[in-house]
Amino acid sequence: MDERALLGLNPNADSDFRQRALAYFEQLKISPDAWQVCAEALAQRTYSDDHIKFFCFQVLEHQVKYKYSELTTVQQQLIRETLISWLQAQMLNPNPEKTFIRNKAAQVFALLFVTEYLTKWPKFFFDILSVVDLNPRGVDLYLRILMAVDSELVDRDVVHTSEEARRNTLIKDTMREQCIPNLVESWYQILQNYQYNNSEVTCQCLEVVGAYVSWIDLSLIANDRFINMLLGHMSIEVLREEACDCLFEIVNKGMDPVDKMKLVESLCQVLQAAGFFNIDQEEDVDFLARFSKLVNGMGQSLIASWTKLIKNGDIKNAQEALQAIETKVALMLQLLIHEDDDISSNIIGFCYDYLHILKQLTVLSDQQKANVEAIMLAVMKKLTYDEEYNFENEGEDEAMFVEYRKQLKLLLDRLAQVSPELLLASVRRVFSSTLQNWQTTRFMEVEVAIRLLYMLAEALPLSHGAHFSGDVSKASALQDMMRTLVTSGVSSYQHTSVTLEFFETVVRYEKFFTIEPQHIPCVLMAFLDHRGLRHSNGKVRSRTAYLFSRFVKSLNKQMNPFIEDILNRIQDLLELSPPENGYQSLLSSDDQLFIYETAGVLIVNSEYPAERKQALMRNLLTPLMEKFKILLEKLMLAQDEERQASLADCLNHAVGFASRTSKAFSNKQTVKQCGCSEVYLDCLQTFLPALSCPLQKDVLRSGVRTFLHRMIICLEEEVLPFIPSASEHMLKDSEAKDLQEFIPLINQITAKFKIQVSPFLQQMFMPLLHAIFEVLLRPAEENDQSAALEKQMLRRSYFAFLQTVTGSGMSEVIANQGAENVERVLVTVIQGAVEYPDPIAQKTCFIILSKLVELWGGKDGPVGFADFVYKHIVPACFLAPLKQTFDLADAQTVLALSECAVTLKTIHLKRGPECVQYLQQEYLPSLQVAPEIIQEFCQALQQPDAKVFKNYLKVFFQRAKP
C-alpha cells in the first residue's frame, strides 16, 4: 500500500493529501489485484487506523459490487474466508470496531450474500451464526448484517434493475424455505438473553424483527411467546420505544382482513389490560409518540379490513370491524388532543380515515355524532399557536408547527364533508364568543377564531367562491361572521398573527363586499394605515401590499368613489428611494411593485373620462421618469463599483415599476381608450438611453428588455420605431445570457408584426447570428458545467428564433441573406438536429427543417435546395435517431422523433416518387438496410395517415439500435 497516500484518509489531512488519497482509491478500484492487498490487511489486522480499515472495506465493496464475476473461484473463496476470519477476529478484539466500520463491513457481507447465496454460499447465515454464537460483539455484527441484507433485498429507495428484482425475489423465497425459521429462533434467543442486560443489542434485534416481519411468515412472530416477550419489553424503559415500533410493523403487515382484525383485537386487549391505554399517567412523550404511531397503525389496519369486507359483501365481519374501530375512538381522541404535537400528529391518519368511514354511512348514531364533534373541538384547540412560537425569527420548531397545521386543515376539510352544518355552527360559536371580547382575549385564541373562518372558505363545498349565495343558512352565517370581523375593530389587535389573519380573511371573502359595500371604507383604511401598509412590522407590510392589490383588483367596480383618496394616501409609498439618501422606505421594491400595479388598476378601471385617466397616469409615472434621468447621469459619473451597482438597481426598479403599472391594460385598445399611449412612449424614450450605458449592462438591459416586452403588448406598432436602435445596443458586447434573454424579444416582435418588421429583421439577422456564433465558439473549460449549460440554452434560443422566423411566414428573411449565409444557417440547423444530444433543440431543428422543405422543397424552390434536402436533411432524419444519445425511452426524445417523422413526410409530400426512389436505391442501401426492411419503410412513408408512419419510425429505430 502507498503509505503516504493513506495519510490523506484522515479527515484532518490537508487537501493535497486528500486529493492523493482519492486518486489512490480510484487507482485501486481499477487495479486487478489491489483488493487482495486490502483483504490481507483486514484479515491480518495490519492497520490500526480506522480510516484505513474503512478504506480497505471500500475497495472490497467495489470489487464485490462491480467486478466479482471477473474473479476465479479461488479468489472468490479468498474473499469469503477473509470476511469470516475478520468476523472471528472481532470476537477476540478487546475493543469493538467503530460503528462506521461495522456498518461498512455489514454492507460488504450483504453484497456478497446477494451475489453468492443462491449459488456458492447457501449456508451463509449458518456460517455466520456458528462464528458469532451468542457473543455480544458477534451478535451486534450479525444483526447489522441482517439489516444490510434486508436493505439490499427490500429497500424501496434503492433502484433495482428488473434482473436484480427477480434475483431478490428468488433469494427471499429460498430464505423462507431454508433459513428463516432458524433466523427467527436466533432472534428469540438473542432477545431472551440480552433483554435485561444489553439494551443496545436488544433494540437492534427488535429493529431486525420489525424489518423482516413484512416479508416472512407472520405466524413465526405473531405467536404467544414472541408477543408476550414484546409486551414485556413495553414495560422496560430502554426497550419500549423499539418494542412499540416492532409491534407497529407486525400490525402493518398485509394479510386477510378477518385475520388482521383478530390480530389487532387480541393485541389491543393485552395492551389495554396492561394499562397502556391510560395515557394520562404517562409522562414520557417520546414513548407516547411511538405508542400513538402504533395506535394509528392498529386503527388504520382495522379500517382497511372494514373497507375490504364491505367490498367483499361480508356484512357480519364488517360490522365487527366497525365495532372494533369505534372502541378505539376514545383513545384516538386522547392522543389527538395531547399537548405534544408529535403525539397528536401521529394519530391524524387514523382520525382522517375514521371520518371517511362516517362519510360513507347513511345515518350516524348519537355516539358517532359526538365523536365528530369531539374531533372538531380537538382540531380547533390544536390549531392554536402556543406561547413559545417565535413570530420574529421562525426556526425549525415553527416550521414543524406550520406543517402540523396543514395536517389539521385536511382533518377540518374532511369534517366539512361529514357534517358541514355542524362545522359551520361550531366555528360560528367559537368565532362569535371570541370576537365579542377580543380586547381581553389572548392573541392565539383571537388568531385561531379568524383562522377558522378563513379555513371554512376551502372546507365548505361551493362553486367559484360564491359563499354568499345558494344555501341561505350557510350564506347568512358567513355574512354575519364577516360583518362581525370588519366592524368589531379586531383589525387593531396588537399582534402580527391576528393582523395578518384579518387581512387574509378579508381578501379570501372579497365577495362579501359586493353584498355589503358599506364596509369597504373601513377595510380600506385598515389596509392604508398603521394596521396594514404602515404597520411597524416589515413582514405585515410586505404581505399587506400583495393582499391590498388583490383586494382592489377583485373589487374594482366598487372602488370608484375612493380612487383619488387612495392614490393620495399611497403617494409616499410610491417613492423611488435612491441609494444615497439613507432613507429606509417602508416597503421593499418587490412590495412597491404591487402598489404600482394597484395604482394602475385603480386608474384604468375607474369611470373617469380619458383625459382624467391620462392625467392621473402621468402623475404616477412622471416622478419615475424624472428620477430615472437624474440617477442615470449619476451612474455615468460613479467611480465606486458598489455605488454603481446600487444606482443600477434603483434605475432597474424605476423601469420595473413603470412596467408593472401597464399590467392593468390587456391590449393596445385599452391603452388608447385611456389616452395613455403618450405617457408610455415618453417612458420608453426616457428608459432607452440606459442601453448605451457602459456600466452595469446586465441589470439595465434586463429591466429595459422587460419594459419593451410589455410595450409591444400595450403600444403595438407604436413601439417599432424604437426597436432597431434598442436592438443594436443590446447586441453590443453580448454574453450568452444577454443573447438568450434578447432573442425572446425579437421572437415576440416577429410573431406579432410579421411582414411589418421584415426590413428590420433582414437587416439585423446576420449581426444577431454573428453575435450568437461568436459566443458559442468561445472556448470554455472542459468541466465548466455552467458555461456548458449557458451555451446549451443559447443554442435552444437560437433555434427557437429560426423557428419563429420560418413559422411566421418570413422565410424570405433567411433567403435574402446571400447563398453563403443561407447555407451556413442551414448547416447549423442540421448540426442541431444531429450532433448535440439535446432533444428539446433537436425537436425545434426538425420543425425548422420540415417548414423549410414545405416552403422551398417544391419544384420552384431556391436553386440547390433540392440537393440540400437529399445530401443533408434526409441523412439527418436517420443519423440523429441512430445516435447512442438519442434515448427512445425519454419523452422529450420521442417528441423530437415525431418531428423527424413529420420532416420525412413533408419531403415525400414535396418531392413525391423521386424521394421514395432515392431512399430505395441510394440512401437506405448505403446504411446496409436489408431490402425487405427498405420496402417496409417506403410503404409506411407513403401511408396517408401520418400517425402510422410516426409509430413505424419509432419501431424502425428501436430495431436498428444495438
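Relative ring orientation between F109 and F124 is described as perpendicular, the plane-to-plane angle rising above 60° on a 0-90° scale split at 30° and 60°. Below 30°, between 30° and 60°, or above 60°: for F949 and Y952 the angle between ring planes is below 30°, a parallel geometry. Taking the six-membered ring where tryptophan is involved, the planes of F125 and Y142 are perpendicular, since the angle between them exceeds 60° and thus also 30°. Between F956 and F878, the ring-plane angle classifies as perpendicular under the 30° and 60° cut-offs.
Within the 4.5 Å cutoff, side-chain heavy atoms of W35 are placed close to those of L78. Proximity of V213 to L218: side-chain heavy atoms (C-beta onward) are separated by under 4.5 Å at one or more points. The side-chain heavy atoms of T99 and R144, taken from C-beta on, include a pair separated by under 4.5 Å. Put simply, the side chain of D127 does not reach to within 4.5 Å of the side chain of R80, judged on heavy atoms. For the pair F113 and W121, the minimum side-chain heavy-atom distance is 4.5 Å or more. The side-chain heavy atoms of F937 and L904, taken from C-beta on, include a pair separated by under 4.5 Å. Side-chain contact between P257 and K260 is absent, with no heavy atoms from C-beta onward closer than 4.5 Å. The shortest side-chain heavy-atom distance between L191 and H233 falls under the 4.5 Å cut-off.
With salt bridges taken as basic N to acidic carboxylate O contacts below 4.0 Å, one links K53 and D50. Ion pairing between E164 and R167 fails under the 4.0 Å rule for side-chain N and carboxylate O. The pair K262-E265 fails the salt-bridge criterion, with no side-chain N (NZ, NE, NH1 or NH2) lying under 4.0 Å from an Asp/Glu carboxylate O. Salt-bridge formation is detected for the pair D838/R796: a Lys NZ or Arg NE/NH1/NH2 atom is positioned less than 4.0 Å from an Asp or Glu carboxylate oxygen. Under the 4.0 Å criterion applied to side-chain N and carboxylate O atoms, D286 and R290 are not assigned as salt-bridge partners.
When atom types are taken as modelled, the side chain of T202 and the backbone of Y194 share a donor-acceptor pair closer than 3.5 angstrom. Without hydrogens or angle criteria, Y212 side chain to L146 main chain gives a donor-acceptor distance under 3.5 Å. For the pair R102 (side chain) and E97 (backbone), a donor-acceptor distance under 3.5 Å is present.
The distance from the CD1 atom of I221 to the CG atom of L230 is 8.0 Å, given to the nearest 0.5 Å. From N296, atom CG reaches atom OG of S301 across 9.0 Å, with rounding to the nearest 0.5 Å. Interatomic distance, CZ of F886 versus CG of L897, reported as 5.0 Å (0.5 Å rounding). Atom CG of residue L247 and atom CG of residue N252 lie 11.5 Å apart, to the nearest 0.5 angstrom. With rounding to the nearest 0.5 Å, the separation of SG in C351 from CG in N346 is 13.0 Å. The CZ atom of R166 sits 13.0 Å away from the CD1 atom of I171 when rounded to the nearest 0.5 Å.
The ring of F291 has its center no closer than 6.0 angstrom to the ring center of F248.
Summarising the local packing, CD of E932 is surrounded by more than 12 heavy atoms from other residues, nucleotides or ligands at distances under 6.0 Å. Environment of CE in M91: crowded, with over 12 heavy atoms of neighbouring residues, nucleotides or ligands closer than 6.0 Å.
Side-chain contact of Y836 with Q792: a donor-acceptor pair under 3.5 Å is absent, judged by distance alone. Looking at E185 and Q189, their side chains do bring a donor and an acceptor atom within 3.5 Å of each other.
Scored by the side chain to side chain contact (heavy atoms under 4.5 Å, CB included) test, E242 finds C203, L206, E207, D245 as partners (sequence neighbours excluded). Qualifying side chain to side chain contact (heavy atoms under 4.5 Å, CB included) partners for L895, counting only residues two or more places apart in sequence or in other chains: K843, Q892.
Here the closest non-hydrogen pair linking C246 and G210 is SG-N, 3.9 Å. The two residues V902 and K950 come nearest to each other via the heavy atoms CG2-CE, 3.8 Å. Minimum heavy-atom separation, I180 to I216: CD1-CG2, 3.7 Å. Between A105 and F57, the shortest heavy-atom contact is CB-CZ, 3.6 Å. When every heavy atom of C877 is checked against every heavy atom of C900, the shortest pair comes out as O-SG, 3.3 Å. Closest approach of A39 and T82 over heavy atoms only: O-CG2, 3.3 Å.
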*Give the intermediate values and the outcome of side chain to side chain contact (heavy atoms under 4.5 Å, CB included) for residues D217 and R176.*
CA-CA 8 Å; D217 176 5; R176 288 185 194 105; over 6 Å; no
*Take T307 and D353 through the side chain to side chain contact (heavy atoms under 4.5 Å, CB included) test and state the conclusion after the steps.*
CA-CA 10 Å; T307 309; D353 292 349; over 6 Å; no
